[in-house]
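Computed from a predicted model, the values in this text were never measured in an experiment. Order of appearance sets the numbers: ligands from 1, and atoms from 1 within every ligand.
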Amino acid sequence: MDLQPLISVRTNPAVKPPWYADLVIYEVYVRAFRDSNGDGIGDLPGLADRIGYIRDLGITAIWLLPIFPSPLRDDGYDISDFRDVHPDLGTLDDFRKLLDRAHAAGIRVITDLVVNHTSDQHPWFRSARNGPGHPFHDYYVWSPTPDRFAGTRIIFSDTERSNWTWEPQCRLHYWHRFYAHQPDLNYDNPEVRREMLEIVRFWLDLGVDGFRVDAAPYLFEREGTTCENLPETHAFLKEIRKVADTYSPPRVLLAEANQPPAHLAPYFGSGDEFHLAFHFPLMPAMFLAIHREDSKPLLEVLQATPSLPDGCQWAMFLRNHDELTLESIAEADRAYMFDTYAGAKEMRLNLGIRRRLWPLMQGGRRQIELLYGLILSLPGCALLYYGDEIGMGDDLRLGDRNGVRTPMQWSTGLNAGFSEAAPERLYAPVISDPEYHYAGRNVDSHERTPTSFLNWLRRMIKVHRADPLFRGSKMRVLYTDNPKVFAFVREREGQAVLCLNNLSRYIQPARVDLHEWRGRVPVDLIGGAALPSVGNDPVLFTIAPHYFYWFRLEQR
Ligand code: OTU
């Protein structure tokens with residue numbers, strides 16, 4: 001049999017993994033989480049009150065979607081004041097209290113840092129639009145004609161026709177990579193760079209543990225380029241890193257760079273830019289692999305995945321608050337994903353699919369368990385999107401990405417226990433379609449049911465956190481004779497955990513070459529059962545449909 005050692009996603013075994021290398025991150029939309037004052041909108045005190053729930057899930061860091069003052073035309077990614085909290089959500093003081101509560105529970109707090117643009121309601125833009133000579137005019141990018149930087153793609157292609165919008169007040173066009181109400185900041189202006197670094201210090205001084213840096217690739221524009229991933233942009237991101245490094249312990253930077261692997265690597269610099277980056281290419285590959293029942297999409301992405309500089313790691317995720325983006329994958333794969341997971345047109349948005357995890361997988365619990373098994377065993381941090389742990393559904397009647405941002409479901413009570421407000425006053429309706437009704441999908445019910453998904457996930461996170469090999473160790477893909485089975489080891493200094501994933505809906509046999517661990521005993525990390533010791537021949541495993549195994553290869 002042809003046995004080949006394959007790809008490795010390396011992290012240096014000599015270096016002790018830093019605090020952020022293996023976070024289990026919970027992404028929270030504060031507006032959606034828990035309303036403490038009965039106005040129908042989730043808020044910071046509400047979130048602070050539920051930190052215990054998050055801790056019990058096994059979470060070690062929360063990432064908050066933007067909490068700043070904003071006209072909310074892009075759910076807070078349109079910021080009108082970088083140094084305050086949106087009054088709907090509370091006050092700066094509430095934020096400090098949240099930090100204290102989270103830190104006391106051993107949970108780090110990462111906030112969104114939106115560097116690329118502001119709201120058109122930000123005082124900078126309100127002044128800038130009056131024309132050249134007015135304060136802050138040069139904080140934005142202007143042009144008399146809408147034809148500069150013509151090589152730049154349009155990201156919000158469903159709503160925007162151009163990256164330029166006419167500003168009648170000063171009779172110039174301004175540049176924006178996202179909605180027209182989100183003008184891009186002009187990073188060629190040293191004042192803009194200085195302001196942004198001060199904003200970074202403002203939040204770090206307050207005590208946040210790091211930032212998820214929104215839309216990182218788009219800061220600078222240069223004629224004749226795609227205006228993405230430019231050297232100037234990387235240089236400024238390194239400036240942010242320098243500021244973060246002046247704090248002790250150093251604060252963490254997590255890149256939102258929705259790019260293919262080759263462009264993603266530079267965001268780590270030589271260990272002097274981002275500590276973490278979302279693995280955007282792997283995300284759709286997991287959905288492709290499970291539907292095609294083939295490990296090839298995973299192997300291809302991992303093969304293209306660059307080695308990381310020391311002190312850097314990936315953040316693996318299945319879903320987040322946005323559409324399931326298909327921007328950076330091959331066209332044929334994109335078409336396949338649309339056909340498979342977004343049969344109805346209303347499920348599509350820009351180059352993505354606006355659905356939550358459970359409806360995407362048609363409620364297939366085994367498939368969903370397998371997907372979580374993957375992100376909890378692959379190298380790096382694992383991200384969970386609020387509500388997915390209780391099988392929340394989505395609401396396609398709500399526009400844009402709002403259908404995946406509905407209120408968290410706590411109980412069978414009024415408004416699913418999210419708020420005491422009259423139901424019609426909620427910022428968004430709770431999910432009440434028969435299939436995903438909150439009566440069956442809520443924290444209380446899940447907690448009471450030993451076999452619930454929530455309880456399953458808690459156990460898996462516990463197993464994941466308890467094993468040192470899931471922390472900072474190297475990953476190596478193993479050869480099997482069955483492409484439906486994706487096999488790899490996490491290994492360090494002779495210790496190894498073997499991870500086997502059956503991507504098929506049917507039972508599968510797979511021979512795995514384990515001769516380098518001859519004499520070791522595979523012990524199931526979850527149940528503790530020991531298998532016969534490894535001999536010279538490839539070991540035959542028989543794996544149930546959509547099942548995964550984690551075996552420690554123990555020396556006995
Ligand atoms: C990000 O999104 C946020 O996650 C969105 O919620 C915001 O609307 C957007 O920025 C504007 O602030 O930066 O690199 O394709 O990856 O929309 C792309 C989906 C982004 C996201 C994309 C994005």
Looking only at protein heavy atoms, which one is nearest to [atom], and what is the separation?
atom	result
atom 10 (O) of ligand 1	Asp214 OD1, 2.9 Å
atom 11 (C) of ligand 1	Asp74 OD2, 3.5 Å
atom 16 (O) of ligand 1	Glu256 OE2, 3.1 Å
atom 15 (O) of ligand 1	Glu327 OE2, 2.5 Å
atom 5 (C) of ligand 1	Asp322 OD1, 3.3 Å

**OP:** With Arg129 as the cation and Trp142 as the aromatic partner, state whether NZ or CZ is under 6.0 Å from the six-membered ring centre and within 45° of the axis.
**Re:**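 Cation-pi check for Arg129 and Trp142: fails.
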
Original post:
Centre of Tyr341's six-membered ring, under 6.0 Å away, within 45 degrees of the axis: is that where NZ or CZ of Arg355 sits?
Top reply: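 No cation-pi geometry.
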
Looking at ligand 1, does [X] have a heavy atom less than 4.0 Å from it?
X	answer
Arg405	yes
His117	yes
Tyr218	yes
Val114	no
Arg177	no

Between [X] and [Y], what is the ring plane arrangement, given parallel below 30°, perpendicular above 60°, and tilted in between?
X	Y	answer
Trp175	Phe149	perpendicular
Tyr187	Phe220	tilted
Phe136	Tyr139	perpendicular
Phe68	Trp203	perpendicular

Subject >> Note: Asp209-Arg251 ion pair, threshold 4.0 Å (strictly below) >> reply: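 Answer for the salt bridge query: no.
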
Under 4.0 Å from a heavy atom of [X]: which atoms of ligand 1 are those, numbered in the order shown and with their elements?
X	result
His321	3 (C), 4 (O), 5 (C), 6 (O)
Ala215	13 (O)
Glu323	15 (O), 19 (C)
Arg401	5 (C), 6 (O), 7 (C), 8 (O)

**OP:** Flag the pair Tyr29 / His321 as yes when their ring centroid distance falls below 6.0 Å, and as no otherwise.
**Re:**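 Centroid separation for Tyr29 and His321: 6.0 Å or greater.
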
Subject >> Aromatic ring proximity Trp314/Phe280, centre distance under 6.0 Å >> reply: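 Distance test on ring centres: not under 6.0 Å, no.
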
Original post:
Backbone, side chain, both or neither: what part of Phe156 comes under 4.0 angstrom of ligand 1, heavy atoms only?
Top reply: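 The side chain, only.
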
Original post:
Heavy atom under 4.0 Å from ligand 1: found in Arg212's side chain, backbone, both, or neither?
Top reply: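 Arg212 to ligand 1: side-chain contact only, backbone stays beyond 4.0 Å.
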
Original post:
Picking from Leu254, Val200, Val115, what satisfies side-chain contact (heavy atoms from CB on, under 4.5 Å) with Phe211?
Top reply: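 Of Leu254, Val200, Val115, side-chain contact (heavy atoms from CB on, under 4.5 Å) with Phe211 is met by Val200 alone.
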
